[in-house]
Colleague: 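Have a look at this one before I ask anything.
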Amino acid sequence: NAGVTQTPKFQVLKTGQSMTLQCAQDMNHNSMYWYRQDPGMGLRLIYYSASEGTTDKGEVPNGYNVSRLNKREFSLRLESAAPSQTSVYFCASARDRVGYDIQYFGAGTRLSVL
Amino acid sequence: KNEVEQSPQNLTAQEGEFITINCSYSVGISALHWLQQHPGGGIVSLFMLSSGKKKHGRLIATINIQEKHSSLHITASHPRDSAVYICAVGHRGTGANSKLTFGKGITLSVRP
C-alpha cells in the first residue's frame, strides 16, 4: 500500500518555466490537498479538492492551478515559475473532511526556482 | 481566522526526560491534529482528537476544549524522537471543515 505518492522529489526550474507536480493516492480518499512549507511559516494550503470534481482555493493560491483528474490524482501546476515559489510542496489526502479525518501526506517535492 | 500558537519554539532535552509541547488556538474547532516531521522527511499524523486524551506508545495527547489548549507529552524521550512537532486545527462548518490551520511547529532535539 503506497499511500500518497508525489513526483518528482526534487526539481530545479528557471524563472518563467512551467511544470506540474503529480500526486496520487491509493486509499480511496475523497479529499486531497496541496500545501507549501517555508521556513518559519508553517504549512500553508494552496488548493484543495473536497471531493472528485471540485477544487477550491486555499490560503496562497496565486501563481498555481490544480486539476482533480479523478478520485486518485490531484496535480498542481506552476504556469510561470517565480523565485518566490521556491519551497517544499506536500500533497495530502483524507478519507473525508480533514476537519474530522486524519490526513496522510506524501514525501514532498523540493522545488527551487532560479 | 483561527490562530494556532505552539510553545516553546525550540526544545532540547536529555534522553529519558519527560517532554511537553503545547498548542493553543483562538476559536472553536472540529478536531486538533498532532503531526511529526523528521529532518528532511515527510509528515506523519500522530493523533487527531476532539476531547480528552489519547495515548500511543510513549506519546500522550490531551486537549482542553474550554481553555482551547492541547499538549503533546513524550515519556522516556529518545534521540529518535528528535523531529518537528506540528499542531493543526480543523475548522467547523460546511466547506470550512475541509481545511486545517497549522502552527509553525516546534523543533525538538533529544540528546543521548
Side-chain angles (χ1 to χ4, degrees), chain A residues 2-7 9-10 23 25 27 29-61 66 68 74 88-110, chain B residues 1-7 9-10 21 23-51 54 56 59 61 63 65 83-107:
Chain A
V4 180
T5 303
Q6 282 183 243
T7 55
K9 286 188 166 45
F10 301 94
C23 176
Q25 52 87 12
M27 296 173 282
H29 284 174
N30 288 312
S31 60
M32 298 186 72
Y33 306 81
W34 277 106
Y35 297 97
R36 59 178 290 173
Q37 185 179 43
D38 302 293
M41 298 290 292
L43 285 157
R44 291 183 294 169
L45 181 65
I46 304 171
Y47 271 94
Y48 68 102
S49 171
S51 61
E52 185 179 358
T54 68
T55 60
D56 285 286
K57 294 178 180 179
E59 187 183 352
V60 287
V66 290
R68 183 75 183 264
F74 189 40
V88 181
Y89 291 85
F90 287 96
C91 177
S93 71
R95 183 186 57 184
D96 197 358
R97 304 285 173 168
V98 77
Y100 299 94
D101 286 315
I102 289 174
Q103 199 164 55
Y104 296 83
F105 288 81
T109 296
R110 193 171 295 272
Chain B
K1 181 185 175 184
N2 213 342
E3 301 292 336
V4 180
E5 298 289 337
Q6 292 189 244
S7 62
Q9 278 199 322
N10 295 289
I21 298 169
C23 176
S24 298
Y25 53 93
S26 56
V27 300
I29 61 171
S30 56
L32 184 140
H33 300 247
W34 281 103
L35 309 165
Q36 181 192 56
Q37 185 176 25
H38 280 103
I43 300 168
V44 175
S45 179
L46 298 174
F47 295 102
M48 183 185 70
L49 65 168
S50 55
S51 65
K54 287 191 176 181
H56 181 70
L59 300 179
I63 188 168
I65 298 296
V84 176
Y85 291 86
I86 302 168
C87 172
V89 298
H91 302 261
R92 293 175 179 161
T94 303
N97 60 19
S98 295
K99 296 181 282 188
L100 297 178
T101 298
F102 293 83
K104 293 182 180 179
I106 288 169
T107 301

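Residue numbers begin at 1 in each chain, while the letters A, B, ... track the order of the sequences.
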Colleague: Nearest 0.5 angstrom please: B/I106 CD1 to B/I21 CD1, how far?
Modeller: 5.0 Å
Colleague: What part of A/D56 gets within 4.5 angstrom of chain B, counting heavy atoms only: side chain, backbone, both, or neither?
Modeller: neither
Colleague: Between B/Q6 and B/C87, is there a donor-acceptor pair closer than 3.5 Å when you use the side chain of the first and the backbone of the second?
Modeller: yes
Colleague: Check whether A/Y35 gets within reach of chain B through its side chain, its backbone, both or neither, counting any heavy atom under 4.5 Å.
Modeller: side chain
Colleague: For chain A, which candidate among B/I86, B/I43, B/L32 shows the most heavy-atom pairs at distances under 4.5 Å?
Modeller: B/I43
Colleague: Quick one: what part of A/Q6 sits under 4.5 Å from any heavy atom of chain B, side chain, backbone, both or neither?
Modeller: neither
Colleague: Please enumerate all residues that pass salt bridge (Lys or Arg N to Asp or Glu O under 4.0 Å) together with A/D96, with sequence neighbours excluded.
Modeller: none
Colleague: Which residues satisfy the side chain to side chain contact (heavy atoms under 4.5 Å, CB included) test with B/S45, sequence neighbours excluded?
Modeller: A/I102, B/L35
